[in-house]
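First comes the structure, then the notes that go with it.
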Amino acid sequence: MTLYELMAAPGRASEAVLNDTTPPEEQSALLTTMRGRLGEMRSAVRRGLESDAPSRTGMVGWNAKTLWERPDPLGAPLLKRVQAYAMAVNEENARMGRIVAAPTAGSAGTLPGALIGVGDELGFTDDALVMPLVLAAGIGDIISQTMFIAGASGGCGAEIGPSAAMAAAAVCELLGGSARQAVHAAAMALMNTIGLVCDPVGGFVEVPCVSRNAFYSVHAVAAAQLALAGLESFIPPDEVVSAMASVGRLLPPELRETGEGGLADTPTGRRIALQMAK
Amino acid sequence: MGLLEVIGPVMVGPSSSHTAGACRLALLARHTLLSPPTEATLTLHGSFAKTAKGHGTDRALAAGLLGYQPDDARIPEALTLAAREGLDLEFVTKDLGDVHPNTVQFSLAAEGETLTLTGSSLGGGVVRVFRVDGFEINFSGGYHTLLVRHTDRAGVIATVARVLADDAVNIATLHCARGSHARGQRGGAAMMSLELETPPSAHVLAYLAQLSAVAWLRLLPDVMQG
Ligand code: SF4
């Protein structure tokens, strides 16, 4: 299925994904597994908000808990919740804790941050989040047919980008968005991550990855908001995916998860790499 | 990627390609051996070579060789546990040529057998093995994989396919490769990898194993579950 076809689905986009990918007799088992994965995501969020144990490098570990426990000077509880949830998952990940890759481990916080964060803030039950999660998976599946989803293949735009697109579509559907709106939410999220480089300091999935998940989960919610207002990506969604892929392939190897460019190639980044090599 | 590959795996961090994928490749190598490896030389290429420590790739590879799944809480301690289990590990970095940036070559020794296996972690925990003992075969670990080392002669592939068909086992993919002997020269060494949608029954495996043209065969589990 293409995004174009998904967009034209008569009902919910998640139902179209389910029917397109899964034979009727296997659908209930799939939904049960998805429900289980949602539970795993939630448990990673919980552990991450409770722990301030530093990762092995000492670069991250306390960000989610700190944000979560501080007062909210902006008066924007949704924003705070989404960011804290996203970082909670990625800090668990950095501590070699148990998480759900969505679609990768480095980008594992974006989707739960946005989807569970919005769900909790607005009072949705976990059951209501399962079909949006299926849609997120479907969007990731479609993107992966054009580009392998990994920082190593096309930079962060090919990793956080798809995760934000998935999260945007999921949040859009959760809030009642049509298939067309959900796909446009995904496209708008993706078109605004194109070109993002993958430059993890010392090669560790910590800096910028933890804060990056916080930012791009908010970005996903923002994309859902635009789509729910009826705004659309001027460039057709499938073309946005192709653009993401071609920009990703143009990135030099230094900016594709080798830990040799960008933030990794700063004096501080190089110092961390040297320290940890010892 | 299937839906459960996109939202998944459930895994120990920090990297789906460098931790979970690495663990799965090592699991496939582990299951290609009959008994647990005692010596392992792991050659890391590209991004695997450059960021192995930061992503826990070394521990994930050790964990897979010990038979642990990607969500096993023991992964962070796998290097220590490997030493305790009598697995001698050596990591080397080397340019393996024009292959995916996340590629690892396993050179393993176990009781009475050796194995070399090379594979790549493609992203999101998806992996691909493309060389076993020098034979260019190809499998993803996402099915029940049947590996057959056999003599390169007429009818072997047909026989294997027919016996599987009689057992109602559907073949998803099939790759065959012959050894380095010259073209047209029959009777040399060959290997095939078959990805099967359901596992063949024990008597089918036993029947195939005793065929004169079959040197050995292994049934590898689906490592993409979870
Ligand atoms: S910078 Fe690289 S490792 Fe970090 S989240 Fe982005 S793609 Fe993943």
Side-chain angles (χ1 to χ4, degrees), chain A residues 17-18 21-22 30 33-34 36-38 40-41 55-57 90 92-108 111 133-134 136-141 144-145 148-153 158-159 162 166 200 202-206 209 253 256-260 273 276-277, chain B residues 1-24 44-60 63 69-79 93 100-103 120-128 224-226:
Chain A
V17 165
L18 191 61
T21 56
T22 315
L30 181 100
T33 307
M34 276 293 176
R37 298 217 166 156
L38 187 71
E40 291 278 0
M41 287 179 172
S55 65
R56 211 152 41 97
T57 65
N90 282 87
E92 266 305 284
N93 184 55
R95 280 189 288 264
M96 295 191 86
R98 186 178 161 101
I99 55 97
V100 184
T104 63
S107 63
L111 176 60
L133 194 57
V134 169
I139 297 281
D141 175 26
S144 75
Q145 284 159 26
F148 267 122
I149 301 179
S153 69
E159 181 167 312
M166 290 157 52
F204 297 84
V205 193
E206 299 186 8
C209 319
R256 286 195 255 150
E257 212 173 332
T258 51
E260 291 185 336
M276 293 309 296
Chain B
M1 289 168 97
L3 299 186
L4 294 175
E5 287 167 0
V6 179
I7 306 297
V10 179
M11 55 167 280
V12 167
S15 166
S16 44
S17 53
H18 290 61
T19 318
C23 181
R24 283 171 166 168
L44 307 175
H45 165 92
S47 173
F48 264 13
K50 287 184 182 124
T51 68
K53 276 205 183 130
H55 286 115
T57 307
D58 46 1
R59 302 156 193 227
Q69 303 293 325
D71 68 345
D72 195 307
R74 293 171 293 181
I75 290 177
E77 317 312 326
L79 292 175
T93 59
H100 189 279
N102 300 333
T103 296
S120 303
S121 180
L122 305 175
V126 178
V127 301
R128 190 154 285 284
M224 301 304 287
Q225 303 293 338

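Lettering follows sequence order; numbering is per chain, from 1. For clarity, every value in this text was computed on a predicted model and none was experimentally measured.
With chain B as partner, the option from A:Gly202, A:Pro103, A:Ala150 having the largest number of non-hydrogen pairs under 4.5 angstrom is A:Pro103. If you tally non-hydrogen atom pairs under 4.5 Å between each of B:Ala73, B:Gly13, B:Ala49 and chain A, the highest count goes to B:Gly13. Chain B forms more heavy-atom pairs under 4.5 Å with one residue of A:Val205, A:Ile99, A:Thr104, A:Asp141 than with any other, namely A:Ile99. Contact count against chain B (heavy-atom pairs under 4.5 Å) is highest for A:Gly97 among A:Gly140, A:Ala158, A:Ser55, A:Gly97. For the options A:Arg98, A:Gln145, A:Glu206, heavy-atom pairs under 4.5 Å to chain B are most numerous at A:Arg98. Note on A:Leu133, A:Leu18, A:Val134: by heavy-atom pairs under 4.5 Å with chain B, the leading option is A:Leu133.
Proximity to chain B (any heavy atom under 4.5 Å) is restricted, for A:Thr22, to the side chain, taken from C-beta onward. In this structure, the portions of B:Ser15 lying under 4.5 Å from any heavy atom of chain A include both its backbone and its side chain. No part of B:His100 comes within reach of chain A, as not one of its non-hydrogen atoms sits under 4.5 angstrom from that chain. At a 4.5 Å heavy-atom cutoff, the contact between A:Leu111 and chain B is made by side-chain atoms alone. Heavy-atom distances place no part of A:Ser153 under 4.5 Å from chain B, backbone and side chain included. When heavy atoms are compared at a cutoff of 4.5 Å, A:Glu260 approaches chain B solely by way of its side chain, counted from C-beta outward.
In this structure a side-chain-to-backbone donor-acceptor pair under 3.5 Å is present from A:Ser144 to B:Met1. In this structure, the side chain of A:Asn93 engages the main chain of B:Pro14 through a donor-acceptor pair within 3.5 Å. A donor-acceptor pair under 3.5 Å links the side-chain atoms of A:Arg37 to the main chain of B:Ile7, judged by distance alone.
In terms of heavy-atom proximity, A:Met96 sits nearest to B:Thr19 at CE-CG2, 4.5 Å. Annotation for A:Ala105 and B:Ser16: closest pair N-OG, 3.1 Å, computed over non-hydrogen atoms. Contact record, A:Ala137 with B:Val6: O-CG2, 3.6 Å, taken as the closest heavy-atom pair.
Taking CG of B:Leu122 as the start and CD1 of A:Ile149 as the end, the distance is 12.5 Å to the nearest 0.5 Å. Considering CG of A:Leu30 and CG of B:Leu3, their distance stands at 5.5 Å, rounded to 0.5 Å.
A heavy-atom distance below 4.5 Å is not found between the side chains of B:Met11 and A:Val100.
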Should B:Asp71 and A:Glu40 be marked as a side chain to side chain contact (heavy atoms under 4.5 Å, CB included) after you check the CA-CA gap, both sets of side-chain angles, and the distance that decides it? CA-CA 11 Å; B:Asp71 68 345; A:Glu40 291 278 0; over 6 Å; no
